[in-house]
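Only heavy atoms go into these numbers, but all of them, side chains included; no hydrogens, no water, no symmetry mates.
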Amino acid sequence: MNGRQFIAKARRWAQERNLEVRFVASAGAGSHGTLYVGNRKTTVKDRKKEIGKGLLAKMRADLGIEKRDF
């Protein structure tokens, strides 16, 4: 899964729960950006590159998304 796919999945997950979603590309260093879901946030690395398992788990945890829901 790359960063763009992660954002799309997180957006769908949040919409099912009526949570506000924003991605701010300027709120990150270089090609990174910040994804806000409700009152939580996570940093998304380059949206074109693949996300490793460990980082993906951390990003889900930052947003409060269970593995089974994603």
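Of all the heavy atoms in G3 and V44, the pair that sits closest is CA-CG1, 3.9 Å. Here the closest heavy-atom approach between residue I51 and residue L56 is recorded as CG2-N, 3.6 Å. The two residues V37 and A14 make their nearest non-hydrogen contact at CG1-CB, 3.7 Å.
Of the possible donor and acceptor atoms, one in the side chain of Q5 sits under 3.5 Å from a partner among the backbone N and O of N2. When atom types are taken as modelled, the side chain of E50 and the backbone of M1 share a donor-acceptor pair closer than 3.5 angstrom.
R60 CZ to L55 CG: the interatomic distance, rounded to the nearest 0.5 Å, is 10.5 Å. In this structure, R17 CZ and R12 CZ are separated by 12.5 Å, a value rounded to the nearest 0.5 Å.
Counting only residues at least two apart or on different chains, no salt bridge (Lys or Arg N to Asp or Glu O under 4.0 Å) pair has a member in residues 36-49.
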Quick one: side chains of residues 63-70, donor-acceptor pairs under 3.5 Å with protein atoms, not counting sequence neighbours, listed by atom name and distance.
none

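Residues Y36 and L19 do not share a hydrophobic cluster, clusters being chains of Ile/Leu/Val/Met/Phe/Trp/Tyr side chains in contact below 4.5 Å.
Scored by the side chain to side chain donor-acceptor pair (under 3.5 Å) test, D62 finds T42, K58 as partners (sequence neighbours excluded).
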